[in-house]
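Notes for the one structure printed next.
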Amino acid sequence: MVRAQKCDFFEEVWALVRQIPRGKVTTYGHIAGALGIRSAARTVGWALNAVAGCSDIPAHRVVNRNGELTGRMHFATPTLMRELLEAEGVSFDGDRVRLERHLWVPPLTN
DNA sequence: CTATTGACCTTCT
DNA sequence: GAGAAGGCCAATA
C-alpha cells in the first residue's frame with residue numbers, strides 16, 4: 001500500500017493512534033512527544049488526515065491539547081467525530097472532550 | 001524548485 | 001499571566 005519510506009513518520013503516528021483503547025483520546029503533542037518530537041504536532045495531524053476515514057486509524061480519538069475536536073471539519077461530517085467519541089463512551093464538556101477522564105498517554109517509542 | 005499553508009505545540013518577550 | 005513568534009514535516013499552488 002503505502003511505501004514506508006517518505007511516510008515513516010505517518011506510520012509511527014498511525015501505530016500509536018491504532019493502539020488507543022476505546023473510550024480514550026490522546027493529543028497531538030503526546031503523540032509527537034512519544035515519537036521524539038514535541039514540536040511536530042502539526043505533522044501528526046497530517047498523518048491522520050491521510051487516513052481519516054480511509055484506514056483503521058481512529059482519528060476521531062485524537063484531539064488537540066485543549067481537547068477540542070479541531071479535525072472534525074476534515075471528517076465526513078462535522079459531527080461525525082463527536083458522535084464516534086460519544087458512541088465509545090467518551091464524556092464531553094461542551095465542545096471539548098474531558099481529557100481528565102479520557103486522556104490516554106501513548107507508550108514511548110524508542 | 002520556492003513559497004505558503006496546515007487537524008499544533010513550545011518557548012521567549 | 002498574557003501575547004507573539006518560531007519550529008517541526010509534508011503537501012499544494
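The analysis underlying the following values was restricted to heavy atoms, covering all of them including side chains, and did not include hydrogens, waters or symmetry mates. In what follows, chains carry the letters A, B, and so on, assigned in the order in which the sequence lines appear, proteins first and then strands, with residues in each chain numbered from 1.
- Residues satisfying the side chain to side chain donor-acceptor pair (under 3.5 Å) criterion with A:R65, sequence neighbours excluded, are A:H30.
- For the C1' atoms, the distance from C:dG3 to B:dG6 is 22 Å, rounded to whole Å.
- When rounded to the nearest whole Å, the span between CG of A:L35 and P of C:dC8 equals 16 Å.
- Look at CG on A:L48: it is 14 Å from P on C:dA11, rounded to the nearest Å.
- For the pair A:E11 CD and C:dC9 P, the interatomic distance rounds to 17 Å; values are reported in whole Å.
- Between A:L16 and A:P106, the closest heavy-atom pair is CD2-CB, 3.7 Å.
- Distance check: A:H102 NE2 to A:I20 CD1 gives 13.5 Å after rounding to the nearest 0.5 Å.
- Note on A:W104: it does not cluster hydrophobically with A:L99, by side-chain heavy-atom contacts below 4.5 Å among ILVMFWY residues.
- If you check residues 72-97 of chain A against DNA chain B, the residues with a heavy atom closer than 4.0 Å are A:H74, A:F75, listed by number.
- For A:D93, there are no salt bridge (Lys or Arg N to Asp or Glu O under 4.0 Å) partners at least two apart in sequence or on another chain.
- Within 4.0 Å of A:A50, counting heavy atoms only, lies no atom of the nucleic acid at all.
- Without hydrogens or angle criteria, A:E88 side chain to A:L84 main chain gives no donor-acceptor distance under 3.5 Å.
- For the C1' atoms, the distance linking B:dA7 with C:dA4 amounts to 22 Å, nearest Å.
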Strictly under 3.5 Å: I want the nitrogen or oxygen pairs between protein and nucleotides 3-7 of chain C, one per line.
{"unit_1": "C:dG7", "atom_1": "O6", "unit_2": "A:R42", "atom_2": "NH1", "d": "2.9"}
{"unit_1": "C:dG7", "atom_1": "N2", "unit_2": "A:S39", "atom_2": "O", "d": "2.9"}

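- Formation of a donor-acceptor pair under 3.5 Å by the A:T26 side chain with backbone atoms of A:V62 is not found in this model.
- A:V51 and A:F75 sit in two unconnected hydrophobic clusters of ILVMFWY residues. Membership requires side-chain heavy atoms under 4.5 Å apart, directly or through other members.
- Among the atoms of the strands shown, only primed sugar atoms or phosphate atoms (P, OP1, OP2) are found under 4.0 Å from some heavy atom of A:T70.
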Quick one, A:F9 with A:I37, criterion side chain to side chain contact (heavy atoms under 4.5 Å, CB included). Give me CA distance, side-chain angles, the key distance, then yes/no. CA-CA 11 Å; A:F9 220 85; A:I37 43 175; 2.2 Å; yes
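- Within residues 61-69 of chain A, the residues that place at least one heavy atom under 4.0 Å from DNA chain B are, in residue-number order, A:N64, A:R65.
- Separating the OG1 atom in A:T27 from the CD atom in A:E68 is a distance of 12.5 Å, to the nearest 0.5 Å.
- One distance of note links CZ of A:R61 with CG of A:L85; it measures 8.0 Å at 0.5 Å rounding.
- With a cutoff of under 4.0 Å to any heavy atom of chain A, the contacted region of DNA chain B is bounded 5' to 3' by B:dG6 to B:dT11.
- Under a hydrophobic-cluster definition in which Ile, Leu, Val, Met, Phe, Trp and Tyr are linked whenever side-chain heavy atoms come within less than 4.5 Å, directly or via other members, A:I57 and A:M81 are assigned to different clusters.
- Among the heavy atoms of the strands, none lies under 4.0 Å from A:A47.
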